[in-house]
Protein chains: 2
Amino acid sequence: MYPSITKHIRDHIHTTAPAIHLFNSVLNEISVKKGAFLLKPGTFVKHEYFVVKGCLKAYYIDNKGHRHIIQFAVENWWIGDFDAFYNQGSSNIYIEAIEDAQLLSINYNSLQKIYAEAPVFERYFRILITSAFIAQRKRILSAQEKNTQERYLEFCNSYPNIEDRVPNYDIANYLGVTPENLSRVRKKLNLS
Amino acid sequence: MYPSITKHIRDHIHTTAPAIHLFNSVLNEISVKKGAFLLKPGTFVKHEYFVVKGCLKAYYIDNKGHRHIIQFAVENWWIGDFDAFYNQGSSNIYIEAIEDAQLLSINYNSLQKIYAEAPVFERYFRILITSAFIAQRKRILSAQEKNTQERYLEFCNSYPNIEDRVPNYDIANYLGVTPENLSRVRKKLNLS
DNA sequence: TATCCTAATTGATTTAGGTCAATACCATTG
DNA sequence: CAATGGTATTGACCTAAATCAATTAGGATA
């Protein structure tokens, strides 16, 4: 039994001890050193990951050769190549540890088995995805209605734990601006 | 029994006739005239809507007074204020018919009842939200890596049915650019 | 057909942010 | 402590798109 994920489940759904036990029983522990990769493009995606400790980033390289950060993840976040996992295909993305990280992995087939035996976990993931969906929509609208400074402040506000664990050039990348621009914004914020 | 939504369900999950019957039994038919509103800010959100016929847009006004289109919906799309529905709160958005529209509505409590009686519908909505989540992520990345012309072409490609049913200024708004800019892009595309 | 009215286009100008290049910072390691 | 390598900052310049303003096009209605 892994306390962090057990708490996370209990925070989102009401369920029975045996169901939680079943869920825990299919998880595997994984460690990733800072700078190492949990996933690279081309790999067939069999797992999703729950972060027990540490910080990671998910990104991909577009066909102009530019890197785009899709997501950061810290403690109690799920991370993975959602698209490839869900459609059972090969990954297009990198997932790299920004700090030494401990993770729990769940296998696709195990998850299908759990959905069959304990359908309440359909609800668990439906709820998580719904929250992620709503958060993501906010990211789209934020990019449209706000300038760099406003978005940076919003980012620091939304992810207070992440801000000082991630280099500025990664934050800039996530916000879709250049590190130079973010640097200027930060300078202006210090003065005012 | 409503054939379009029944087909939509069957296209996404395997389930029994009674379950589908149950689902159909809680739906209500709604009509909205072109230019009329299905939802306005401040309304408590009790329903999500499935489009049987017609075309609608969902948008909101930010605190600078600017309008932002969140989503278009045509036949066989679900639309609503997902955030407010899911958290059972008041809406922040407008949903307006671009063409006369026929919809099916599902009530929040009915949906909870269905989740309890036919948990396979947790799966149905989990799958829909997962697809929407992935599509939305593409929208974020597309906005970061592509210029207006590329995004416009992508839009026409992804929504071939929508493109000529929606005014250009709405498309521009959805893409997060001005109508003037989109007009110039379109002109350049006609020449080349 | 004339008259609205809205949408689309075009032109002139401004601006936020990008690009390129140089320099400063700072933690690690030999 | 010096040297190294990654990160952040600063400066000069450029560009895509926004803004503001005017004009044109195209449907609907009387």
Side-chain angles (χ1 to χ4, degrees), chain A residues 33-37 55 57 59 62 64-69 72 94 96-100 139-156 162-192, chain B residues 33-36 55 57 59 62 64-69 72 96-100 139-156 162-192:
Chain A
K33 286 276 170 201
K34 177 176 177 171
F37 291 90
C55 180
K57 61 184 171 187
Y59 60 90
D62 70 26
K64 293 172 188 159
H66 298 133
R67 201 169 63 96
H68 302 275
I69 294 180
F72 297 109
Y94 297 85
E96 181 184 336
I98 296 178
E99 305 169 351
D100 289 359
R139 186 176 168 192
I140 293 174
L141 297 171
S142 175
Q144 284 191 9
E145 73 176 87
K146 299 196 166 90
N147 61 25
T148 307
Q149 175 171 324
E150 290 167 319
R151 292 219 304 295
Y152 175 67
L153 290 172
E154 189 178 59
F155 178 86
C156 294
I162 295 183
E163 187 221 339
D164 45 340
R165 293 166 74 174
V166 166
N168 284 328
Y169 64 81
D170 274 341
I171 297 176
N173 185 292
Y174 178 83
L175 295 176
V177 300
T178 57
E180 292 94 329
N181 187 18
L182 182 62
S183 173
R184 288 182 177 112
V185 163
R186 284 160 46 82
K187 187 183 184 185
K188 214 174 73 183
L189 286 170
N190 283 334
L191 298 180
S192 53
Chain B
K33 286 277 169 199
K34 176 175 177 174
C55 180
K57 62 184 172 186
Y59 60 88
D62 70 26
K64 292 172 190 160
H66 298 133
R67 201 171 61 97
H68 301 273
I69 293 180
F72 296 110
E96 181 184 338
I98 295 177
E99 304 168 353
D100 289 359
R139 186 176 169 192
I140 293 174
L141 298 172
S142 175
Q144 283 191 11
E145 73 176 86
K146 298 194 166 90
N147 61 24
T148 306
Q149 175 170 324
E150 291 167 317
R151 290 218 306 293
Y152 176 66
L153 290 171
E154 189 177 62
F155 177 86
C156 294
I162 295 183
E163 188 222 339
D164 44 341
R165 294 168 72 177
V166 167
N168 283 327
Y169 63 81
D170 274 340
I171 297 176
N173 185 292
Y174 178 83
L175 295 175
V177 300
T178 58
E180 292 94 328
N181 188 19
L182 182 60
S183 173
R184 286 179 180 114
V185 163
R186 282 160 46 83
K187 186 184 183 184
K188 215 172 73 182
L189 286 171
N190 283 335
L191 298 180
S192 53

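It should be emphasised that the depicted structure is a prediction, and the values quoted were computed from it without experimental measurement. Every chain is numbered from 1, with letters handed out A, B, ... down the list of sequences.
Residue A/Lys187 places at least one side-chain N or O closer than 4.0 Å to OP1 or OP2 of D/dT10. A close approach under 4.0 Å does not occur between any side-chain nitrogen or oxygen of A/Asn147 and OP1 or OP2 of C/dA16.
Nearest nucleotide to the side chain of A/Arg184, out of C/dG18, D/dT9, D/dT7: C/dG18. Checked against D/dA8, C/dG18, D/dT19, the side chain of B/Thr178 finds its nearest nucleotide in D/dT19. Relative to the side chain of B/Thr148, the nucleotides C/dG18, D/dA17, C/dG17 differ in distance, and D/dA17 lies closest. Here D/dT19 is the nucleotide among D/dA8, D/dT19, D/dT10 with the atom lying nearest to any side-chain atom of B/Glu180. Considering only side-chain atoms of B/Asn181, the nucleotide from D/dA18, C/dA7, D/dA8 that sits closest is D/dA18.
When the C1' atom of C/dG18 is taken as reference, atom NZ of A/Lys64 falls 13 Å away, rounded to whole Å. Put simply, CG on A/Leu189 is 11 Å from P on D/dT9, counting in whole angstrom units. What separates CG of B/Leu182 from P of D/dA18 is a distance of 10 Å, to the nearest Å. Rounded to a whole Å, the CD1 atom of B/Ile171 is 13 Å from the C1' atom of C/dA8. The separation between A/Lys188 atom NZ and D/dA8 atom C1' is 18 Å, rounded to whole Å. Following rounding to the nearest Å, A/Lys34 (NZ) and C/dA27 (P) show an atom-to-atom distance of 12 Å. Nucleotide C/dC25 holds its C1' atom 15 Å from the OH atom of A/Tyr169, rounded to whole Å. As a whole-Å value, the separation of A/Arg151 CZ from C/dA16 C1' is 11 Å.
Side-chain contact check for B/Ile162 versus B/Phe155: some heavy-atom pair is nearer than 4.5 Å. The side-chain heavy atoms of A/Asn168 and A/Arg186, taken from C-beta on, include a pair separated by under 4.5 Å. Taking 4.5 Å as the limit, every side-chain heavy atom of A/His68 sits out of range of all side-chain heavy atoms of A/Tyr59.
Counting non-hydrogen atoms under 4.0 angstrom, A/Gly35 reaches nothing in the nucleic acid.
For the pair A/Arg139 and A/Tyr174, the distance from NZ or CZ to the six-membered ring centre is under 6.0 Å and the angle to the ring normal is within 45 degrees.
Classification of B/Asp170 and B/Arg165 as a salt-bridged pair fails, no side-chain N sitting under 4.0 Å from a carboxylate O.
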